[in-house]
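Worksheet: the structure to be examined is printed underneath.
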Protein chains: 2
Amino acid sequence: MSRGSDAEREFLEAYEPRDYPSIAVTVDLVVLAVAQGVLHAALVRRGGHPFKGMLALPGGFVAPRESAGDAAARELAEETGLDLGGLPAHIEQLASYSDPDRDPRMRVVSVAHLVLLASDGGALPGLSAGTDAASAAWHPVHAVLESPMAFDHATILRDGLERLAGKMEYTTVAAHLLPAEFTMTQLRSVYEAVWDTQLPAGNFTRKMLPHLAATGRKTQPAVGAPAALFTAEQRHIHPPLSRRRTGPAG
Amino acid sequence: MSRGSDAEREFLEAYEPRDYPSIAVTVDLVVLAVAQGVLHAALVRRGGHPFKGMLALPGGFVAPRESAGDAAARELAEETGLDLGGLPAHIEQLASYSDPDRDPRMRVVSVAHLVLLASDGGALPGLSAGTDAASAAWHPVHAVLESPMAFDHATILRDGLERLAGKMEYTTVAAHLLPAEFTMTQLRSVYEAVWDTQLPAGNFTRKMLPHLAATGRKTQPAVGAPAALFTAEQRHIHPPLSRRRTGPAG
DNA sequence: TAAATAGTGTCTGTAAGACAGTATAAA
DNA sequence: TTTATACTGTCTTACAGACACTATTTA
C-alpha cells in the first residue's frame with residue numbers, strides 16, 4: 001500500500017485479506033533482430049537453479065511505481081545494454097503467462113513483450129553485459145526453438161514469433177527490424193527471414209509499394225543497380241500478404 | 001509462498017525483498033453477446049467508491065493457485081451467473097493493464113479476457129445475480145462507449161471490441177456468438193452488429209461458405225424460405241473479409 | 001560486354017463487388 | 001398471387017501469381 005490513510009481504510013473495507021494474494025509480476029522480453037537473412041533472439045543463459053544452464057528470455061520484476069511497458073523498456077536496457085530511448089526500436093505487449101507453477105520458486109505472473117530492433121541486415125545490434133550477472137547473446141530463433149528453454153519461455157518465444165509473423169501480413173511492422181530508410185530488397189529479406197520462405201521480388205514490390213514512402217535517395221552498392229530507399233508508413237495492408245510460399249514451382 | 005522450504009530458501013537467496021513488490025493480479029471480463037442485431041456487453045454498476053454508480057467490467061482477483069484463464073471462468077460464473085462449463089462460450093486473453101494508478105486504492109495489474117456468449121439473436125443470455133453484491137446487466141456496446149466508465153474499463157472494452165472486430169475478418173470466431181448450428185443470415189447479422197455496418201448477402205455467402213460445414217438440416221421459419229443450418233469450422237479465412245461498408249452505392 | 005541487382009510490363013486465372021434472377025415457403 | 005426470405009448465376013473489374021524483360025551500375 002504505502003498510500004494515503006483514506007485510500008488505505010477504503011481498501012481494507014472493500015477486500016478480505018485472502019482476496020489479494022501476493023503475486024509477483026514480471027516482464028519477459030522476446031527481443032528479435034535479423035542478420036544474414038536469419039531471425040535472431042536475444043537470450044540469456046541461466047546461471048542458477050532452476051533450469052541452470054538453459055536459455056531463457058531476458059526479463060525482471062515490475063517495480064511498484066512503473067507499468068509493465070515501462071518495466072520492459074528498463075529491463076531491455078539493463079539486461080542487454082540496449083536503450084530504447086536512443087534506438088529505433090518497437091515494443092508491444094504480447095500476452096500474460098500466469099500458470100501457478102510456471103516458476104517453481106514462487107507465484108509469478110509475467111507480462112511478455114515483443115521487442116523489434118533495427119539492424120542493417122549484416123550485423124546484429126551489440127549486446128553489452130548489464131548490471132545483471134547473465135548477459136544476453138543472439139541466437140537463431142528457428143534453431144533455438146528445437147531445444148527446450150527455461151520455464152515456459154519456449155512457449156512465449158513461439159507466441160512472439162507467431163505474433164510477428166502474423167502481424168507482418170497486414171501491417172508494415174517488419175520495417176522496425178530495419179533502419180529508418182531501407183530498400184525494397186531489405187524489407188523482402190526480413191519477410192523471408194521471419195516467414196522462413198522465399199517471396200517473388202516483383203510481386204512483393206507491387207504489393208508493398210503503396211504502403212511505403214519513397215525518400216528519393218538511393219543506395220550506392222558495390223555491385224548491381226542502386227536501390228531506392230523508402231520509409232514505412234504505419235498502416236494496414238488490405239488485403240494482406242500471403243504467407244504461404246510462392247515463386248517458381250518445384 | 002507456502003511452498004516447500006527448499007524452494008523458499010532458494011527464493012530468498014535469489015531475490016532481494018524490494019524486488020518483488022506485492023501487486024494484486026485481477027481479471028477483467030469483456031463479455032459480449034448479440035441480440036436484435038445489436039452487440040451487448042455484460043457490465044456491473046459500481047456500488048462503492050471509487051467510481052460509485054458508474055459502469056464497470058465484471059472481474060475479480062486471481063486466486064493463489066489458479067491461472068488468469070481459470071480466474072476468468074470462475075469470475076464469469078460468480079458475477080454473471082453464467083457457467084462456461086455448460087454453455088457454448090468462447091474465452092480468450094485480451095491484454096494486461098498495468099498503469100500504477102489505474103486503481104486509486106492499490107496497485108492492481110489486470111489481465112483482461114474476452115468472452116463471447118452464444119445467443120439465437122433474439123434474447124440475450126440470462127444473467128442472474130451471483131454471490132457478489134452488484135450483478136451484471138446487458139448494455140448496448142456502441143452506446144455505452146459514449147459515456148465514461150470506471151477505472152480504465154472503457155479502454156479495455158474498446159480494445160476487446162476492436163480485437164473481436166479484427167479477428168472476425170480472418171477467422172470464424174463470430175460463430176461463437178451464435179448457437180452451435182446457425183444460418184448464413186444469422187452469421188451475417190453478427191458481422192453487421194459487431195462491425196456496425198451492412199454486408200451484401202450474396203457475396204457474404206460466397207465468401208463464407210468454404211469455411212462452414214453444412215449440417216443438412218434446415219430452419220422452419222414462420223415466413224420465408226427455410227435456411228440451411230451450418231456449423232463453423234475454426235479456420236483462417238484468407239484473404240480476409242473486408243470490414244468497410246459495401247452494398248448499394250448511396 | 002558480362003555480371004549482378006533493381007525495377008517494370010504483361011499475361012492469365014481467380015475472386016470480389018454488384019446485382020439480377022430463381023427457389024421455397026406462408027398467408 | 002403476393003410477400004418474405006434464402007439462395008444462385010453472371011457480368012465486370014481488380015489484382016495476385018508467374019515470369020519475362022528492361023534499367024542501372026561495377027568490373
Side-chain angles (χ1 to χ4, degrees), chain A residues 37 120-122 168-170 178 181-192 195 197-230 236-250, chain B residues 37 120-122 168-170 178 181-192 195 197-230 236-250:
Chain A
D120 62 9
M168 278 166 51
E169 291 181 1
Y170 60 93
L178 291 171
E181 299 190 359
F182 51 86
T183 67
M184 195 61 83
T185 300
Q186 283 182 300
L187 184 59
R188 182 166 45 82
S189 298
V190 168
Y191 273 84
E192 291 175 337
W195 288 351
T197 185
Q198 299 276 109
L199 298 170
N203 295 339
F204 182 86
T205 298
R206 175 151 45 85
K207 178 83 188 188
M208 194 60 78
L209 206 51
H211 307 108
L212 303 179
T215 63
R217 282 181 286 280
K218 283 177 175 287
T219 55
Q220 297 281 97
V223 63
L229 286 165
F230 299 91
H236 256 59
I237 300 171
H238 187 91
L241 298 165
S242 176
R243 203 151 127 194
R244 66 174 183 273
R245 189 188 184 289
T246 60
Chain B
D120 62 7
M168 278 167 54
E169 291 181 1
Y170 61 93
L178 292 171
E181 298 189 0
F182 52 86
T183 68
M184 196 61 84
T185 300
Q186 283 183 301
L187 184 59
R188 182 165 45 81
S189 297
V190 168
Y191 274 84
E192 292 175 336
W195 288 351
T197 185
Q198 299 276 109
L199 298 170
N203 296 338
F204 182 86
T205 298
R206 175 151 46 86
K207 177 83 187 189
M208 195 61 77
L209 207 51
H211 307 109
L212 303 178
T215 63
R217 282 181 286 280
K218 283 175 175 289
T219 55
Q220 296 282 97
V223 63
L229 286 165
F230 299 91
H236 256 60
I237 299 170
H238 188 91
L241 298 165
S242 177
R243 204 150 123 195
R244 64 174 185 273
R245 189 186 183 288
T246 59

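Per chain, numbering begins at 1; letters A, B, ... match sequence-line order.
With a 4.5 Å cut-off on side-chain heavy atoms, A:Leu178 and A:Asp120 do not count as touching.
A:Thr205 contributes atom OG1, which lies 4.5 Å from atom CE of A:Met184 (distance to the nearest 0.5 angstrom). The distance from the CD1 atom of A:Ile237 to the CG atom of A:Leu241 is 5.0 Å, given to the nearest 0.5 Å.
The separation between B:Arg188 atom CZ and D:dA6 atom C1' is 10 Å, rounded to whole Å. Following rounding to the nearest Å, A:Met208 (CE) and C:dA6 (C1') show an atom-to-atom distance of 17 Å. Rounded to whole Å, the distance from CG on A:Leu187 to P on C:dG7 is 12 Å. Separating the CG atom of B:Leu199 from the C1' atom of C:dA18 is a distance of 14 Å, rounded to the nearest angstrom. Rounded to whole Å, atom C1' of C:dA16 lies 21 Å from atom OH of B:Tyr170. Taking atom CD of residue A:Gln220 and atom C1' of nucleotide C:dA6, one finds them 14 Å apart after rounding to whole Å. Here D:dA16 presents its P atom at 11 Å from NE2 of A:His238, a figure rounded to the nearest Å. Atom pair A:Arg217:CZ and C:dA6:P shows a separation of 18 Å (rounding to whole Å applied).
Aromatic ring centres of A:Tyr191 and A:Phe204: separated by under 6.0 Å.
Along DNA chain D, the nucleotide closest to B:Gln186 and the one closest to A:Pro221 are compared, and the more 5′ of them pairs with B:Gln186.
Looking at A:Thr215, its side chain never comes within 3.5 Å of a backbone N or O of A:Phe230 through a donor-acceptor pair.
Nearest heavy atoms, A:Arg188 versus A:Leu199: CD-O, 3.7 Å.
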Enumerate all atom pairs, one protein N or O and one N or O from nucleotides 7-15 of chain D, separated by less than 3.5 Å.
{"unit_1": "D:dC7", "atom_1": "OP1", "unit_2": "B:Ala228", "atom_2": "N", "d": "2.6"}

